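Just so it is clear, the structure is predicted and the values come from calculations on it, not from any experiment.
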Amino acid sequence: IRMHGITLASLFILDEDTTHIQETVIDGSDEVNIYGRTLQIQGLYPGFQGLVIVIGLTFTGGNFSLDGGSKGGGLLAEYVEIILSNNIFIENTSSFGGGAALRNSDGRVYRCQFKYNTAATVGGLYVDYGHYVVEENIFIENRALFNEGGGFRGTESSGIIRNNIFLRNYTIYIGGGASVFTRGPWI
């Protein structure tokens, strides 16, 4: 999706009934999905083009290659300002950010669940070059098979990590729950 601002939401946005989240599924395992990930949101380089809001959806089955530099099995957001709220990222795969990846983007991720996602680096949520606020999320059993950040990793980014739950995330290297490199977060 290339745009200047959009909201993608389930009926959860209207009545806050959480059953809408499980019922509104974006499934990347569909045979006609030639790109592998479930959703890609891309702004126009070099600046942010508008606010993208994604609320109350389930992303599953994204399989965007464990080899190479692919990012964001469930969702990839590039060059946008984004809010991810009350979403579930479950059983997605990628090289970086099995659940979701925010690249060159500013984002707020809150009240989301990242469960059973797998990547070479960063099983759950990967933020690369941007500013982030990550709060009130649940990271459960995400796996980074070859590198750091089982649940979360921020690289060349700055941000705030607050009131999250990290349970049984795994990596062979550094930061089973979370890892942050360079500009440093406020935790």
Side-chain angles (χ1 to χ4, degrees), residues 26-31 33-42 54 57-80 82 84 87-107 109-110 112-135 137-162 164-187:
I26 299 176
D27 190 341
S29 64
D30 188 337
E31 292 179 17
N33 183 355
I34 62 172
Y35 297 106
R37 71 175 58 91
T38 57
L39 180 64
Q40 179 172 337
I41 300 168
Q42 187 166 4
V54 181
L57 304 175
T58 295
F59 296 86
T60 191
N63 185 357
F64 199 54
S65 177
L66 279 174
D67 57 351
S70 60
K71 294 176 177 68
L75 176 140
L76 171 63
E78 292 186 298
Y79 305 108
V80 296
I82 189 163
L84 300 176
N87 298 294
I88 298 171
F89 297 88
I90 185 168
E91 297 178 351
N92 298 288
T93 304
S94 184
S95 291
F96 295 85
L102 309 182
R103 187 167 186 274
N104 294 305
S105 296
D106 289 347
V109 181
Y110 71 102
C112 291
Q113 297 176 34
F114 294 86
K115 303 188 295 187
Y116 317 116
N117 298 291
T118 302
T121 301
V122 194
L125 173 63
Y126 179 56
V127 180
D128 186 28
Y129 294 97
H131 178 76
Y132 56 85
V133 176
V134 176
E135 61 186 341
N137 300 288
I138 299 172
F139 295 85
I140 299 175
E141 294 188 30
N142 298 287
R143 297 180 303 149
L145 300 178
F146 306 114
N147 219 325
E148 56 273 314
F152 170 83
R153 179 179 178 192
T155 303
E156 298 295 333
S157 304
S158 62
I160 298 169
I161 302 170
R162 175 174 48 220
N164 297 283
I165 297 171
F166 293 90
L167 295 172
R168 298 181 303 277
N169 296 283
Y170 169 83
T171 184
I172 197 166
Y173 191 53
I174 297 170
S179 66
V180 178
F181 291 95
T182 65
R183 294 187 238 169
W186 294 96
I187 301 177

Taking Ser95 for the side chain and Lys71 for the main chain, is one N or O donor matched with an acceptor at less than 3.5 Å? no

Restricting to ring pair (Phe, Tyr, Trp, His ring centres under 6.0 Å), what partner residues turn up for Phe114, sequence neighbours left out? Phe89, Phe139

Enter the distance from Tyr132:OH to Tyr126:OH here, rounded to the nearest 0.5 Å. 11.5 Å

Distance, nearest 0.5 Å, that separates OG1 of Thr60 from CG of Asn117: 8.0 Å

List the steps, then state whether side-chain contact (heavy atoms from CB on, under 4.5 Å) holds for Thr155 with Val122. CA-CA 11 Å; Thr155 303; Val122 194; over 6 Å; no

Do you know which two heavy atoms are closest between Arg162 and Val133, and how far apart they sit? NH2-CG1, 4.1 Å

If you measure from CG on Asn164 to CD on Glu135, what distance do you get to the nearest 0.5 Å? 8.0 Å

Return the OH to CG distance between Tyr110 and Asn87, rounded to the nearest 0.5 Å. 10.0 Å

Test your reading of the model: is there a side-chain donor-acceptor pair from Thr121 to the backbone of Phe96, 3.5 Å cut-off? no

Taking every non-hydrogen atom, the tightest pair across Gly72 and Ala101: N-CB, 3.6 Å

Quick one: are Gln113 and Ile140 in side-chain contact, heavy atoms under 4.5 Å? no

With a 4.5 Å heavy-atom cut-off, do Val127 and Val109 have their side chains touching? no

Distance from Tyr129 atom OH to Arg103 atom CZ, nearest 0.5 Å? 8.0 Å

So which atom in His131 and which in Asp106 form the shortest heavy-atom distance, rounded to 0.1 Å? N-OD1, 3.0 Å

How long is the straight-line distance from CG of Asn92 back to CZ of Phe59, given to the nearest 0.5 Å? 9.0 Å

Can you list the steps and then say if Asn137 with Leu125 is a side-chain contact (heavy atoms from CB on, under 4.5 Å)? CA-CA 10 Å; Asn137 300 288; Leu125 173 63; 5.8 Å; no

4.5 Å side-chain heavy-atom contact, Leu84 and Leu75: yes

Nearest atoms (heavy-atom pairs only) where Gly98 meets Ala119: N-CB, 3.6 Å

Of the non-hydrogen atoms in Gly107 and Leu102, which two are nearest, and what is the gap between them? CA-CD1, 4.3 Å

Which is it for Phe152 and Asn142 under the side-chain contact (heavy atoms from CB on, under 4.5 Å) test, yes or no, and what are the steps along the way? CA-CA 9 Å; Phe152 170 83; Asn142 298 287; over 6 Å; no

Residue list, ring pair (Phe, Tyr, Trp, His ring centres under 6.0 Å) with Tyr116, at least two apart or on another chain: none

For Glu91, enumerate each residue passing the side-chain hydrogen bond (donor to acceptor under 3.5 Å, both in side chains) test, keeping only those at least two apart in sequence or located in another chain. none

